[in-house]
Amino acid sequence: MITSVLVANRGEIACRVFRTCREWGIRTVAVHSDADDNALHARVADAAVRLPGAAPADTYLRGDLIVKAALAAGADAVHPGYGFLSENPGFARAVLDAGLTWIGPPPKAIEAMASKTRAKELMGIEPLHAVTEADLPVLVKAAAGGGGRGMRVVRRLADLDAALEAARAEAHSAFGDGEVFVEPYVEDGRHVEVQILADTHGTVWALGTRDCSLQRRHQKVIEEAPAPALTPELTDSLYEMAVRAARAVGYEGAGTVEFLVAGDTAHFLEMNTRLQVEHPVTEAVHGIDLVALQIQVAEGHALETEPPRARGHAIEARLYAEDPTHDWAPQTGTLHRLAVPEGVRLDTGFGDGDEIGVHYDPMLAKLVAHAPTRAGAIRKLAGALEQATIHGPRTNRDLLVRSLRHAEFTTARMDTGFYDRHLPDLTKPTPDPYAPLAAALSDAHDRSRFGGWRNVPSQPQVKRYAMAGEEHEVRYRHTRAGLEADGVRVVHAEAALVVLEVDGVRRNFEVARYGDEIHVNATRLTALPRFPDPTAQQAPGSLLAPMPGTVVRVAEGLTVGAAVRAGEPLLWLEAMKMQHKISAPVTGTLAALPATPGQQVTVGALLAVVQPT
């Protein structure tokens, strides 16, 4: 019997496994890097072990240190979570060799399927060994791991070498394995997968389908179960192939078999020999706890002959600290507050006040809604996201809400090219025009209590805010009757709540302040000084770091004085184990290039200057 589990992971998945362990009376052990010293998963575990010596980005890839931590903390089992070493057969063997229980599939099964190239060979599929014009477009893909890292779509042969190099670098950074391969890229297919669960007695469950077609950078954003609009015949075929893949490698535990569906044809993609990020939607519709079942399988218990029936529909949205309008650039800073309405499931690895750093994936949380119908689940999840309190760095919240309500999604006509087609429309800023006024009146209410009004006409008070990339100036007055502003009636104004009547309609504005960062309902603003510092202006064409990270490379042959075109890649930053392309903002001449490979940069650091033509 398992009594103590170490989770060889961090963040949301570690916290999620700990939750099940607590419910089952199992002691929990966390491991953490120096960067995660105060992370939520390290705080909530019964015991936590620091992993010394490794750089933060590589710490959770040190299987030797993790095994030592498990033994030192008295754990008798290890759960790998997802990502990092979860699909590393050598790590699984090391856990077993140390006399610990491995809560995952046998190392041989991981070995057979962890490499996507070997998995395809097992399923009778050959990767492309030589790419010609006739093969385009193709997808460069990491052989180990997933999560969109080490993946590039190539539409021109001239871009293939650069894509291979970037994919290898990302894969090695994220998984410790730089092997990549090339396969045909199916345009506008649907990403559909089957959750499987197998015990040690020969029973294999196919626990329904999931659709994960809405993706950015080949990483899933919105997932649902069951996958909509599949014929019974196609569903049965997917189940059969998934179970066949599991039996072919003697699988045990939880896993996922992924397919690309085009019309009524399913193309095998890979088998993930671990728990998936999107497993909660399967749990919701089947009324099960997959982590608890993983533990039971690891203890040798047998599954029932048939899996539980699916009921209703579930949808999950991944909330990221990122800016979809700027190539999904990850955002850092303090997550001051994260709260969602009752009735939806929230899985997160952050607590209020935690820092979002540069070393790891920018996912803040997963929100999951379950309802009797798909339409009900969509409405429930979109509403919960819209009403959620998210105070901190920019997020993809608005994009998620608009995606859920888009006609292609509500009618189940989405595919993996959804964001390629609709991103500009989905990310058009729609800030609340009255948010700056509410922020100003919130700040002014205290002053009004101390005689701020005057008995003679005077100039209005003026405040400036940055909102959705633009500056906004608001004006108001202190009077005997209270605060006044043109065009509205100020019904109530205090620090946390401002009530305005606009054209006869009363609206409430909840206001929260964190220094110069202000949140008014779901709108984020930054207070600006009344008199801007003229020395803070950057030269036209300045290219600033959109995130903290490391300059991994500069475009080949790029030197000061070179002619560049708007949108031309100049250099690449690595942050959160992903490489981000930094392109010329305008067409012109490269006037300065202070960035060098290996350089660590902070947000706003000057990378290059392009003198406009």
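For the numbers below, each heavy atom of this structure counts, side chains included, while hydrogens, waters and symmetry mates do not. FYI, the numbering just counts along the sequence from 1. Fair warning: this is a prediction, and the values are worked out from it, not measured in the lab.
- Aromatic pair His472/Tyr465: ring centres not closer than 6.0 Å.
- Counted by atom type alone, Gln600 and Thr550 present one or more donor-acceptor pairs between their side chains at under 3.5 Å.
- In summary, Arg318 and Glu223 engage in a salt bridge, as defined by a charged side-chain N under 4.0 Å from a carboxylate O.
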After noting the C-alpha distance and the side-chain angles of Asn521 and Val511, does the key distance pass the side chain to side chain contact (heavy atoms under 4.5 Å, CB included) rule? CA-CA 7 Å; Asn521 292 344; Val511 184; over 6 Å; no
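- Ion pairing between Asp352 and Arg337 holds under the 4.0 Å rule for side-chain N and carboxylate O.
- Using a 4.5 Å cut-off on side-chain heavy atoms (C-beta onward), Thr596 and Val551 make no contact.
- Phe409 carries Arg374 over the face of its six-membered ring, with the cationic atom under 6.0 Å from the centre and within 45° of the normal.
- Contact check on Glu316 versus Arg345 returns no salt bridge, with no Lys/Arg side-chain nitrogen under 4.0 Å from an Asp/Glu carboxylate oxygen.
- Around CZ of Arg507, the count of heavy atoms belonging to other residues, nucleotides or ligands within 6.0 Å exceeds 12.
- Taking 4.5 Å as the limit, every side-chain heavy atom of Ile356 sits out of range of all side-chain heavy atoms of Thr334.
- In this structure, Glu224 does not pair ionically with Arg210, as no charged nitrogen and carboxylate oxygen lie closer than 4.0 Å.
- Using a cut-off of 4.0 Å between Lys/Arg side-chain N and Asp/Glu carboxylate O, Arg19 and Asp347 are scored as salt-bridged.
- Listed here is the closest heavy atom pair of Leu573 and Leu607: CD1-CD1, 4.4 Å.
- The cationic atom of Arg217 (NZ for Lys, CZ for Arg) does not lie both less than 6.0 Å from the six-membered ring centre of Trp328 and within 45° of the ring axis.
- When all heavy atoms of Pro548 and Ala575 are compared, the pair lying nearest together is O-CB, 3.4 Å.
- Between Tyr60 and Phe84, the ring planes lie tilted relative to each other; the angle falls in the 30° to 60° range.
- Minimum heavy-atom separation, Val140 to Leu164: CG1-CD2, 3.8 Å.
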Report the C-alpha distance between Lys463 and Glu473 in whole Å, list the side-chain angles of each, state the deciding distance to 0.1 Å, and finish with yes or no for salt bridge (charged side-chain N to carboxylate O under 4.0 Å, His left out). CA-CA 6 Å; Lys463 288 187 180 293; Glu473 185 176 273; over 6 Å; no
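- For the residue pair His519/Arg513, the side-chain donor-acceptor check at 3.5 Å is not satisfied.
- One N or O on the side chain of Ser213 and one on the backbone of His191 form a donor-acceptor pair closer than 3.5 Å.
- In this structure, Arg10 forms a cation-pi arrangement with Tyr360, its terminal cationic atom sitting closer than 6.0 Å to the ring centre and no more than 45° off the ring axis.
- Taking every heavy atom of both residues into account, Val180 and Ala142 meet most closely at CG1-CA, 4.0 Å.
- Salt bridge annotation for Glu193-Lys220: present, with a cationic side-chain nitrogen under 4.0 angstrom from a carboxylate oxygen.
- Checking side-chain atoms of Asp37 against main-chain N and O of Asp34 turns up no donor-acceptor pair under 3.5 Å.
- Using modelled atom types, no side-chain atom of Arg190 and backbone atom of Val261 make a donor-acceptor pair closer than 3.5 Å.
- The two residues Asn9 and Pro80 have their closest heavy-atom pair at ND2-O, 2.9 Å.
- Ser442 places a side-chain heavy atom less than 4.5 Å from the side chain of Val498.
- One finds no salt bridge joining Glu170 and Arg168 here, because no Lys/Arg side-chain nitrogen approaches an Asp/Glu carboxylate oxygen to under 4.0 Å.
- Within the 3.5 Å criterion, the main-chain N or O of Gly392 finds a donor-acceptor partner in the side chain of Arg524.
- With Tyr320 as the aromatic partner, Arg216 meets the cation-pi criteria of under 6.0 angstrom to the ring centre and within 45 degrees of the ring axis.
- Checked by atom type, the side-chain pair Thr410/Arg379 shows no donor-acceptor distance below 3.5 Å.
- Between the Thr348 side chain and the Leu364 main chain, a donor and an acceptor come within less than 3.5 Å of each other.
- With 3.5 Å as the limit, one finds a donor-acceptor pair spanning the side chains of Asn272 and Glu258.
- Using a 4.0 Å cut-off between charged side-chain N and carboxylate O, Glu568 and Lys581 make no salt bridge.
- The number of heavy atoms from other shown groups lying within 6.0 Å of CD (Glu355) is above 12.
- Ile518 has its side chain out of reach of Asp443: every pair of non-hydrogen atoms, C-beta onward, lies at least 4.5 Å apart.
- Side-chain contact of His580 with Glu574: a donor-acceptor pair under 3.5 Å is absent, judged by distance alone.
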Determine, stepwise, if the pair Ser33 / Leu51 fulfils side chain to side chain contact (heavy atoms under 4.5 Å, CB included). CA-CA 5 Å; Ser33 65; Leu51 300 178; 5.9 Å; no
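- Looking at heavy atoms from C-beta onward, Val474 lies out of side-chain contact with Val462 at the 4.5 angstrom threshold.
- Within a 6.0 Å sphere centred on CZ of Arg565, other residues, nucleotides and ligands contribute 12 heavy atoms or fewer.
- At least one side-chain heavy atom of Glu12 sits less than 4.5 Å from a side-chain heavy atom of Lys366.
- Thr587 contributes a side-chain N or O that, together with a main-chain N or O of Ala566, makes up a donor-acceptor pair within less than 3.5 Å.
- With ring centers used as reference points, His422 lies under 6.0 Å from His406.
- Under a cut-off of 6.0 angstrom, the local environment of CD in Gln611 is sparse, with at most 12 non-hydrogen atoms contributed by other residues, nucleotides or ligands.
- Look at Glu322 and Arg397 and you find no salt bridge, because none of the NZ, NE, NH1 or NH2 atoms lies under 4.0 Å from a carboxylate O.
- Shortest non-hydrogen contact noted between Ser542 and Leu606 is CB-CD1, 3.9 Å.
- Between Phe18 and His41, the distance separating the two ring centers is not shorter than 6.0 angstrom.
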What's the verdict on salt bridge (charged side-chain N to carboxylate O under 4.0 Å, His left out) for Asp36 and Arg43, showing C-alpha distance, side-chain angles and the deciding distance? CA-CA 10 Å; Asp36 276 342; Arg43 301 199 304 266; over 6 Å; no
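- A salt bridge is absent between Glu165 and Arg152; no separation between the charged side-chain nitrogens and carboxylate oxygens falls under 4.0 Å.
- Atoms OG1 and CG, from Thr325 and Asp327 in turn, are 10.0 Å apart once rounded to the nearest 0.5 Å.
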